[in-house]
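Here is the structure we will look at.
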Amino acid sequence: MNLELTIQNAVIDAVKALYQTDVTAEQVQIQKTKKEFEGDVTVVIFPFVKMARKSPEATGQEIGEYIQGRQSEISAFNVIKGFLNLSINTSFWIDMLNEIALQPTFGNAGVSENSPMMMIEYSSPNTNKPLHLGHIRNNLLGFSISEIQKANGWKVVKTNIVNDRGIHICKSMLAWKLFGNGETPASSGLKGDHLVGKYYVVFDKAYKAEIKQLMEQGMTEEEAKKNAPLILEAQKMLLAWEQNDAEVRHLWETMNGWVYEGFDATYKQLGVDFDKIYYESETYLEGKSEVERGEKSGAFYRRDDNSVWADLTGDGLDEKLLLRADGTSVYMTQDIGTAKLRYNDFPINKMVYVVGNEQNYHFQVLSILLDKLGFEWGKSLVHFSYGMVELPEGKMKSREGTVVDADDLMEEMIQTARETSEELGKLDGCTEEEKAGIARMVGLGALKYFILKVDPKKNMTFNPKESIDFNGNTGPFIQYTHARIKSVLRKAAEQGINFGTKIENQLAISEKESYLIQLIAQFPAVVKQAGEEFSPALIANYEFELVKEFNQFYHDFSIMREENEALKKFRLQLSASVAQVVKTGMGLLGIEVPERM
RNA sequence: GGUCUGGUAGCUCAGCUGGAUAGAGCAACAGCCUUCUAAGCUGUGGGUCUCGGGUUCGAAUCCCGACCGGAUCACCA
């Protein structure tokens, strides 16, 4: 029972009968009738006026008359300018609501044994400092699109490649060794990742001081940066790490261990997780052999200094280094290796990288290189590219101390939610445990929704003060509506009203109600589109529209005071369906919805 | 400079596969709590959809150009 399809076919038939012209389904544009006009569904009739050789109004009238006589769902129609507005029988809407309410997984296609598999890489942190606001956007987007793809029938493997080796972690290690006095997370009370991050900053400060000193002794800035004792020492450490020096390896394992404990806590609080974690220390040597194979096959070439390059000028790009003259690999080489590794480890049908838009070029190149190496999946890699998070003062700069720390931010959101809830008296009569749970759901809901509602590909501004907002187009507004519906449903259950059964369709329902049903019915299509476009924002904005619409409805009717029992059951059923779609939709965004708040 | 990307209300954003009078939220102002949760609802004010051309019945939406902003073009990852 697809309304759009039915009407589309009816219009095609009408045009053929009336004007002896065949039109395709694409030419029949159908949309929800705008609220200010009468009717439920609108057909745009401009495409047919030439065939009819009549005015838009006359054409609309003719088509309207033709299809009303033949389609029982259509109870009335009107024509305004070139728009044919059709009113649909209330019994049709009630049938539709009945159908929706009987589907336990409405809007979520679910995964089956032979579903295709999608691997989604996200998060991918460095182990030298804690997660910040930019990572939050990455993690939320990665988690959300994973959920959305699952709802669209993909098996999803969430993966994280941890950048656990390299000069950056050596810097933290060195600073800790020199200035740390054996400080540990336990002794300092600091979260592991914060402790390691602290020493990264210590290194940077000391390093800068050395540079300054060397410059005063007459070196240029460039020379000073290369020759400062600290950086030389850090490079020595990296070399020792690569040669498996026992002491360095031990320190590295210890400090990374601290970081992982810290990251785990942050991930847990954010509500994200992974199915498979790759560590760069275990994969960074992959890819070299692939590049060498590519050189033999002629896809890449070797220069006189022994470095290996790919010439992409034919693709409108530059030349790209793949192996240094000393034979070591670069970022791109590693990514070639890990891509191959992943396709060996899992039967992947699609690989998605959730990585910021500053790496657009990198992934464009990666895709071409893999293709040149003969991997049939090379071209099909998806770089899910998202924009930067900026602060009102501009970009986050760690040097200027304007980085918004992920843990601090989440804590602040939860705290504010707690205070606001208490001010409003929402938490009266709750146990301490319930209070904490609600504050957590609301605070994090606000943060997640704020970030996910904006188009991923756009840069966004995050105002830490203003974003702690629970009014308007926010997560808490949606959560609140859910809680209120649940409250009504509880009350109905107490009174023993059974609204879970089929609703009779001899009812007079309002246009607002049929509009709501139409909106609910749209949900699966929204989920599908969100999957195709990798856009949690689509779902977020849909949820807001639905909830806003419901709130208006809610204020127009007193469900529990309704005396017509059949109508009361219908409205309860409608409310329950809205709550269901809210819960499912918010779930796709990784946002929990409380039963009460 | 090359490539990519964005420019919609004072602010944050929807709308962009062309359709009706361009929508929300925030902020401002005015109303609504003896009725299922007021984190709500209703109303008012606020727009040269950056600018200029083109395509057509119709353009915020598509095309071309200009202007402004961001990213990137590393033997960093």
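To find a chain, count down the sequence lines: A is the first, B the second, and so on, and within it residues start at 1.
- At the heavy-atom level, A:Arg596 lies under 4.0 Å from base atoms of the strands shown.
- Within the 4.0 Å cut-off from OP1 or OP2 of B:U37, at least one side-chain nitrogen or oxygen of A:Ser487 is found.
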* side chain to side chain donor-acceptor pair (under 3.5 Å) between A:Lys54 and A:Gln61, worked out -> CA-CA 11 Å; A:Lys54 285 179 184 155; A:Gln61 190 67 27; over 6 Å; no
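- At a cut-off of 3.5 angstrom, counting only N and O atoms as typed in the model, there is no donor on one side facing an acceptor on the other between the side-chain of A:Thr474 and the base of B:A39.
- Among the protein residues, A:Phe477 comes within range of the sugar-phosphate backbone only, with heavy atoms under 4.0 Å from sugar or phosphate atoms but none that close to a base.
- The base of B:U5 has none of its N or O atoms less than 3.5 Å from a complementary donor or acceptor on the side chain of A:Lys457.
- Within the structure, every side-chain polar atom (N or O) of A:Lys320 is placed at least 4.0 Å from both OP1 and OP2 of B:C73.
- Look at A:Lys458 and you'll find a side-chain N or O under 4.0 angstrom from OP1 or OP2 of B:A14.
- By the 4.0 Å N-to-carboxylate-O rule, A:Lys568 lies close enough to A:Glu565 to be salt-bridged with it.
- Residues A:Phe570 and A:Phe499 keep their aromatic ring centres 6.0 Å or farther apart.
- Taking 4.0 angstrom as the limit, A:Tyr480 places a side-chain polar atom (N or O) nearer than this to OP1 or OP2 of B:A39.
- Against the 90° criterion about 0, the sugar-base torsion of B:C68 places it in the anti range.
- With A:Thr21 contributing its side chain and A:Tyr19 its backbone, the two residues share a donor-acceptor pair below 3.5 Å.
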* To do: Tell me, with the steps shown, if A:Thr338 and A:Glu286 meet side chain to side chain contact (heavy atoms under 4.5 Å, CB included).
  => CA-CA 7 Å; A:Thr338 37; A:Glu286 302 278 334; 5.8 Å; no
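- Closest contact between the side chain of A:Thr461 and the listed nucleotides B:C13, B:A39, B:C36 involves B:C13.
- Cation-pi check for A:Arg302 over A:Trp309 is not met; the charged atom does not lie both under 6.0 angstrom from the ring centroid and within 45 degrees of its normal.
- One atom, CD1 of A:Ile485, and another, P of B:C36, lie 16 Å apart when rounded to the nearest Å.
- Within the structure, a side-chain polar atom (N or O) of A:Asn471 is placed less than 4.0 Å from OP1 or OP2 of B:G40.
- In this structure, the side chains of A:Glu533 and A:Leu538 come closer than 4.5 Å at one or more pairs of heavy atoms.
- With hydrogens and angles disregarded, no donor-acceptor distance shorter than 3.5 Å links the side chain of A:Asp315 to the backbone of A:Leu317.
- When base pairs are accepted only as Watson-Crick or G-U wobble with both N-N or N-O distances under 3.5 Å, RNA chain B takes part in stems of 3 or more pairs at B:1-7 with B:67-73, B:10-13 with B:23-26, B:28-32 with B:40-44, B:50-54 with B:62-66.
- A salt bridge links A:Asp455 to A:Lys457: one of the charged nitrogens lies within less than 4.0 Å of a carboxylate oxygen.
- A sub-4.0 Å separation between OP1 or OP2 of B:U42 and a side-chain N or O of A:Gln552 is present.
- The aromatic rings of A:Phe523 and A:Tyr542 sit parallel to each other, their planes meeting at less than 30°, with 60° as the upper class boundary.
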Using atom names, set out every protein N or O paired with an N or O of nucleotides 55-60 of chain B below 3.5 Å, distance rounded to 0.1 Å.
unit_1	atom_1	unit_2	atom_2	d
B:C57	OP1	A:Lys50	NZ	3.2

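- For A:Arg418 and B:A39, the shortest distance from a side-chain N or O to OP1 or OP2 is not below 4.0 Å.
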Check nucleotides 20-22 of chain B against the protein and report each pair of N or O atoms closer than 3.5 Å, with its distance, or say if there are none.
unit_1	atom_1	unit_2	atom_2	d
B:A20	N6	A:Thr42	OG1	3.0
B:A20	N6	A:Asn85	OD1	3.3
B:A20	N1	A:Asn85	OD1	3.3
B:U21	OP1	A:Lys81	NZ	2.6

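- Between A:His362 and A:Tyr331, the ring planes are parallel. Angles under 30° get that label, and only those over 60° would be called perpendicular.
- For an aromatic pair to be called close, the ring centres must be under 6.0 Å apart, and A:Tyr122 with A:Tyr353 fails this.
- Among the atoms of the strands shown, base atoms are found under 4.0 Å from some heavy atom of A:Ala483.
- Look at the P atom in both B:C41 and B:A24: the space between them is 12 Å, to the nearest Å.
- For A:Tyr480 and A:Phe477, the distance between ring centers is not under 6.0 angstrom.
- Remark: C1' of B:G25 and CZ of A:Phe470 are 15 Å apart, rounded to the nearest angstrom.
- Rounded to whole angstrom, the span from the CD1 atom of A:Ile559 across to the P atom of B:C41 amounts to 15 Å.
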